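Because the structure is a prediction, the values reported are computed rather than measured. Residue numbers start from 1 in every chain, and the chains themselves are labelled A, B, ... in the order their sequence lines are given, proteins ahead of strands.
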Amino acid sequence: MHANDSTAKFDFVRAIVAEDLKTDKWGGRVVTRFPPEPNGYLHIGHAKSICLNFGIAAEFAGICHLRFDDTNPEKEEQEYVNSIIEDVHWLGWDWGDQTEGLDPTEPASGGLYYASDYFEQMYEYAVQLVKAGKAYVCDLTAEQTRQYRGTLTEPGEDSPYRSRSVNENLDLFERMRRGEFPDASRTLRAKIDMTHPNLNMRDPIMYRILHAEHHRTGDKWCIYPMYDWAHGLEDSVEKITHSICTLEFENHRPLYDWFLDELGIHHPQQIEFARLNLTYTVMSKRKLLRLVEQGHVGGWDDPRTPTISGLRRRGYSPAAIREFCKRIGVNKFNSTVDIALLEHCLREDLNKNSPRVMAVLRPLKVVIDNYPEGQVEELDAVNNPEDPAAGTRKVPFSRELYIEREDFMEEPPKKFYRLAPGREVRLRYAYFVTCADVVKDQNGQIVELHCTYDPATRGGDAPDGRKVKSTLHWVCAEHALEAEVRLYDNLFTKENPDDAPEGEDFTANLNPNSLEILSSCKVEPSLAGAEPLSRYQFERLGYFCVDPETSDEKLVFNRTVTLRDTWARIQKSQR
RNA sequence: UACCCGGUGGUGUAAUAGGUAACACAUGGGCUUUUGGUGCCCAUAUUCCAGGUUCGAGUCCUGGCCGGGUAGCCA
């Protein structure tokens, strides 16, 4: 396999698309779709599907529709529609005129679609099946329907209403639509085979009666189509070529095919792939909803959750998420991706693109004894060593500074390179300083350090060529801005949160230390007025993002991810 | 115990007519460094099992084992 071979490295879905293009199966068209149900917020697992569908469309000169699969009014809300539109767009994908669909009373146009726009068409298709003797109105209760369906190992039995005449079915179905019957009293079912080994084929329900207000169609309908009936029609109406979904719909494919074949309409190919699992987190809507509702996290956009809005607030970039989705690939078997890969993609992007600033999380006061009192210097600092075009900025320096508490040790162990009594280190972009004295309070707590500086090392280079083992970040005391910094760790303590003791569930593995709030951090003055969601690297510490709760009175940062930390690893192995 | 799908280093993937099992992450080590960051180099480790076909099998065949999905008027 050669790197310049343009046909190389297709995943199995792309291989199918490429083959279809080659054989001209769809007249050269590639039309995919991302069809979320607006009943929750999107998460990183959805991002995999979004990147797959929109990515394939982009790579093969096709188009991808954003379509809301809004066929269950009881669970769906406009709030979710809005958040999904925002998230897909934030991830960097476009579907044409995305503003058109924002008004729930207007039909969608451009590449934004709603299943609810097809309700009338779906109804007509259903009538067509009834007329063909392929669907019937059934009066069985939910409980009876289940009993008649049989089990995994036993065949089902025909419903007593299965042999109703076409005319009776037509009449009943129309009256269902008109609202003459109470909820759940009747259903429209496809007439297939109650003994079929695939349970989905045992006369599946196409419509249920539900007198519920729909977020877009209001009270126009009191019958709503089931997924299996609706989804293929949505795909067909939109002339989708490749209908890509997750593995649990594999068993539904025969039914997807059956409906479209019986109707004789455009018939896309359904292709199933494995959904994403990530270590140390949960991905199902149900579990995320529980975390939110039971207050284990602050909301759908809590920076600890794997929702797109949470990742955004945490400081993830769309590019990092897209790169991650590219690297994990696509397959047909369940797997769990190491969260370290996501963080790797994150650091890779942030390293290239984040401006550097200095911030001290746990401040320790340092006084430079031989530095003139009242003097302030403006020193040059590089904004991004990975990007010369980012330029430089000035940072103030004077007699009193803050350094990181953990950058000083009174009795340094082996391999600790940082400041210690009598030891010389470099203050980044400033001077070499040597620790002369340690001031403690009555409890023996270190409250202040006294140092001397070497004026000849201004900017951080020694003219005599002498070396120091480490470089510390610092913030000038007089000019420092106060900030709150929120440190995050994995939400769960176990790789697989579901691995819980008998009788307990994933919430038993919640990490009690997933959030630590530091309220008296010091950051350099250039951060004044930093915009919400803007990203920075705090030198030597990690990547941080301005939280939307930030204000003129209080700067608030979220730690996106730490830098790779060799020292932390050494410490860990020494214990 | 019915039907469907699937098993490649620790993890995620590649090997596209049967032809040297490769890449990334992680882990360990080294070099460079005004971030213990970045970058660069090296190392560890892989085809579920058993037969068969073949000069040659991750790939094809048979049998087994293991994992996942499915009994909503959810999607």
Suppose you measure atom C1' in B/U11 against the same atom in B/U27; what distance do you get, rounded to whole Å?
11 Å
Let me know, please, whether A/R569 or A/P197 comes out on the 5' side of the other along RNA chain B by nearest nucleotide.
A/P197
Taking the C1' atom in each of B/U47 and B/G19, what is the distance between them to the nearest angstrom?
16 Å
Please compare A/F416 and A/N198 by the position of their nearest nucleotide in RNA chain B and report the one closer to 5'.
A/N198
Pairing of A/E143 and A/R146 as salt bridge, 4.0 angstrom limit
yes
What contact category does A/T566 fall into here, base, sugar-phosphate, or nothing, at under 4.0 angstrom with non-hydrogen atoms?
sugar-phosphate
Is there a donor on the side chain of A/R356 or the base of B/U35 sitting less than 3.5 Å from an acceptor on the other?
yes
How far does the P atom of B/G9 sit from the matching atom of B/A22, given to the nearest Å?
14 Å
So CG of A/D499 and CZ of A/F506: to nearest 0.5 Å the spacing works out to 14.0 Å
How many Å lie between CD on A/Q537 and C1' on B/G36, as a whole number?
13 Å
Suppose we call a contact any N or O donor and acceptor under 3.5 Å apart; does that hold for the side chain of A/E386 and the base of B/G37?
yes
Expressed as a whole number of Å, how far does the P atom of B/G6 sit from that of B/A15?
16 Å
Which is true for A/L152 with a 4.0 Å heavy-atom rule: it touches a base, it touches only sugar-phosphate, or it touches nothing?
base
Output the rounded distance in Å from CG (A/L255) to P (B/G72).
15 Å
For the ring pair A/Y114 and A/F68, is the centre-to-centre distance below 6.0 Å?
yes
With respect to the phosphate group of B/G36, does any side-chain polar atom (N or O) of A/R540 fall under 4.0 Å of OP1 or OP2?
yes
Looking across every strand, which nucleic acid part, if any, lies under 4.0 Å from A/P385 by heavy atom: base, sugar-phosphate, or nothing?
base
Whole-Å gap separating C1' (B/G37) and CG (A/N384)
11 Å
Would you tabulate the pairs of protein nitrogen or oxygen atoms and nucleotide nitrogen or oxygen atoms of nucleotides 73-75 of chain B closer than 3.5 angstrom?
{"from": "B/C73", "atom 1": "OP1", "to": "A/R149", "atom 2": "NH2", "distance (Å)": "3.4"}
{"from": "B/C73", "atom 1": "OP2", "to": "A/R149", "atom 2": "NH1", "distance (Å)": "3.0"}
{"from": "B/C73", "atom 1": "N3", "to": "A/A184", "atom 2": "O", "distance (Å)": "3.1"}
{"from": "B/C73", "atom 1": "N4", "to": "A/L140", "atom 2": "O", "distance (Å)": "2.7"}
{"from": "B/C73", "atom 1": "N4", "to": "A/A142", "atom 2": "N", "distance (Å)": "3.3"}
{"from": "B/C73", "atom 1": "N4", "to": "A/A184", "atom 2": "O", "distance (Å)": "3.1"}
{"from": "B/C74", "atom 1": "OP2", "to": "A/R208", "atom 2": "NE", "distance (Å)": "3.1"}
{"from": "B/C74", "atom 1": "OP2", "to": "A/R208", "atom 2": "NH2", "distance (Å)": "3.1"}
{"from": "B/C74", "atom 1": "O3'", "to": "A/R208", "atom 2": "NH2", "distance (Å)": "3.3"}
{"from": "B/C74", "atom 1": "O2'", "to": "A/N72", "atom 2": "ND2", "distance (Å)": "2.9"}
{"from": "B/A75", "atom 1": "OP1", "to": "A/T71", "atom 2": "OG1", "distance (Å)": "2.9"}
{"from": "B/A75", "atom 1": "OP1", "to": "A/R208", "atom 2": "NH1", "distance (Å)": "3.2"}
{"from": "B/A75", "atom 1": "OP1", "to": "A/R208", "atom 2": "NH2", "distance (Å)": "3.0"}
{"from": "B/A75", "atom 1": "OP2", "to": "A/Y227", "atom 2": "N", "distance (Å)": "2.9"}
{"from": "B/A75", "atom 1": "O3'", "to": "A/D69", "atom 2": "OD2", "distance (Å)": "2.6"}
{"from": "B/A75", "atom 1": "N6", "to": "A/H252", "atom 2": "NE2", "distance (Å)": "3.4"}

Side-chain N or O of A/R418 closer than 4.0 Å to phosphate OP1/OP2 of B/G36
no
Pi-cation contact, A/F34 with A/R67 (under 6.0 Å, within 45°)
no
Please report the distance separating the P of B/C49 from the corresponding atom of B/G58, rounded so that it comes out in whole Å.
11 Å
Do the side-chain N or O atoms of A/H473 get closer than 4.0 angstrom to the phosphate oxygens (OP1, OP2) of B/U35?
no
Would you jot down, in residue-number order, the residues of residues 321-334 of chain A having a non-hydrogen atom under 4.0 Å from RNA chain B?
A/R327, A/I328, A/N331, A/K332, A/F333, A/N334
B/A14 to B/G72 separation - P atoms, rounded to the nearest Å
35 Å
Does A/K415 reach a base, just sugar-phosphate, or nothing at all? Heavy atoms under 4.0 Å.
base
Range-with-range stems of RNA chain B (Watson-Crick or G-U pairs under 3.5 Å, three or more in a row):
B:2-7 with B:65-70, B:10-13 with B:22-25, B:27-31 with B:39-43, B:48-52 with B:60-64
Rounding to an integer number of angstrom, what distance separates B/U38 and B/U33 when you compare their P atoms?
16 Å
How long is the line joining CG of A/L350 and P of B/U38, in whole Å?
13 Å
Checking salt bridge (charged side-chain N to carboxylate O under 4.0 Å, His left out) for the pair A/E348/A/K352: CA distance, chi angles, key distance, verdict?
CA-CA 7 Å; A/E348 188 175 56; A/K352 274 185 300 213; 5.5 Å; no
A/E539 has an atom CD; how far is it from atom P of B/U33, in whole Å?
18 Å
Given the options A/R189, A/R162, A/R186, A/D139 meets salt bridge (Lys or Arg N to Asp or Glu O under 4.0 Å) only with A/R186
